[in-house]
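When a residue number appears, it is its place in the shown sequence, counting from 1. Side chains included, hydrogens not; waters and symmetry mates left out as well; all remaining heavy atoms used.
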Amino acid sequence: QVQLVESGGGLVQAGGSLRLSCAASGRTFSSYSMAWFRQAPGKEREFVAGISASGGTTYYGDSVKGRFTISRDNAKNMLYLQMNSLKPEDTAVYYCAARSRGGSWMIVSSYDYWGQGTQVTVSS
């Protein structure tokens with residue numbers, strides 16, 4: 001079992017940057033593929049970025065390509081999301097998620113464990 005705790009959210013002006021972190025418990029973090037999702041009020045949870053268990057492969061949603069970077073440190077059981085050139089439409093609660101099985105990166109049901117989320121607000 002994996003427990004996930006996000007941090008690093010906050011209020012930032014458009015064009016600014018934030019770095020989200022996700023701390024994972026357990027000794028098997030390196031066996032999980034990880035992802036970031038986000039959910040804005042009244043909208044469905046949306047895939048943001050994913051990274052393979054080894055960190056060698058990454059995936060991004062179209063709306064964040066070129067602006068966000070996902071990374072992980074398996075020695076520290078940490079997942080990160082560097083967010084640059086933030087836009088007001090990036091405002092959402094951001095969640096980290098873990099999965100040990102296959103399936104689509106972009107589908108919520110592919111993931112076994114979720115954090116509680118961290119709020120990111122981008123002002124115009």
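Asp62 has a carboxylate O that lies under 4.0 Å from a charged side-chain N of Lys65, or vice versa, which qualifies the two as a salt bridge.
Aromatic ring centroids of Tyr111 and Phe37 lie under 6.0 Å apart.
Heavy atoms only, all atoms of each residue included: Leu86 and Val12 are closest at CD1-CG1, 3.6 Å. Counting all heavy atoms, side chain and backbone alike, Tyr59 lies closest to Phe47 at O-CZ, 3.9 Å. Residues Ala53 and Ser33 approach most closely at N-OG, 3.9 Å, considering heavy atoms. Closest approach of Trp36 and Leu20 over heavy atoms only: CH2-CB, 3.7 Å. Among all heavy-atom pairs drawn from Ile51 and Trp105, the shortest one is O-CH2, 3.3 Å. Here the closest non-hydrogen pair linking Gly8 and Leu18 is O-CD2, 3.9 Å.
Pairs passing the salt bridge (charged side-chain N to carboxylate O under 4.0 Å, His left out) check and including a residue from residues 101-122, sequence neighbours excluded, read Arg101-Asp112.
In terms of modelled atom types and a separation under 3.5 Å, the side chain of Arg67 and the main chain of Ser85 share a donor-acceptor contact. A donor-acceptor pair under 3.5 Å is formed between the side chain of Ser52 and the backbone N or O of Thr57. Using a distance-only test at 3.5 Å, with no hydrogens or angles considered, a donor-acceptor pair links the side chain of Glu6 to the main chain of Gly117. Between the side chain of Thr91 and the backbone N or O of Val122 there is at least one donor-acceptor pair closer than 3.5 Å. The closest donor-acceptor contact from the side chain of Ser21 to the backbone of Ser7 lies at 3.5 Å or more, if one exists at all.
In this structure Gln39 satisfies the side chain to side chain donor-acceptor pair (under 3.5 Å) test together with Arg45, sequence neighbours excluded. In this structure, the side chain to side chain contact (heavy atoms under 4.5 Å, CB included) partners of Ser31, at least two apart in sequence or on a different chain, are Thr28. In terms of the salt bridge (charged side-chain N to carboxylate O under 4.0 Å, His left out) criterion, residue partners of Glu46 (sequence neighbours excluded) are, by chain and number, Arg38. Residues passing the salt bridge (charged side-chain N to carboxylate O under 4.0 Å, His left out) test with Arg19, sequence neighbours excluded: none.
Atoms CD and OG, from Gln13 and Ser124 in turn, are 9.5 Å apart once rounded to the nearest 0.5 Å. Note that CZ of Phe29 is 7.0 Å distant from SG of Cys22, once rounded to the nearest 0.5 Å. From Met34, atom CE reaches atom OG of Ser71 across 11.5 Å, with rounding to the nearest 0.5 Å.
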*Would you sort out whether Leu4 and Tyr95 count as a side-chain contact (heavy atoms from CB on, under 4.5 Å), showing the intermediate values?*
CA-CA 9 Å; Leu4 305 171; Tyr95 300 89; over 6 Å; no

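The number of heavy-atom neighbours closer than 6.0 Å to CD of Gln119, taken from other residues, nucleotides and ligands shown, is above 12.
Using bins of under 30°, 30° to 60° and over 60° for the plane-to-plane angle, the ring pair Tyr113/Tyr32 lands in the perpendicular bin.
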For residues 75-84, which side-chain N or O atoms pair as donor and acceptor with protein atoms under 3.5 Å away, sequence neighbours left out?
unit_1: Asn77; atom_1: ND2; unit_2: Ala24; atom_2: O; d: 3.4
unit_1: Asn77; atom_1: ND2; unit_2: Gly26; atom_2: O; d: 2.7
unit_1: Gln82; atom_1: NE2; unit_2: Asn84; atom_2: OD1; d: 2.9
unit_1: Asn84; atom_1: OD1; unit_2: Ser17; atom_2: OG; d: 2.9

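Following chains of ILVMFWY side-chain contacts shorter than 4.5 Å, one can reach Met106 starting from Val93, so the two form part of one hydrophobic cluster.
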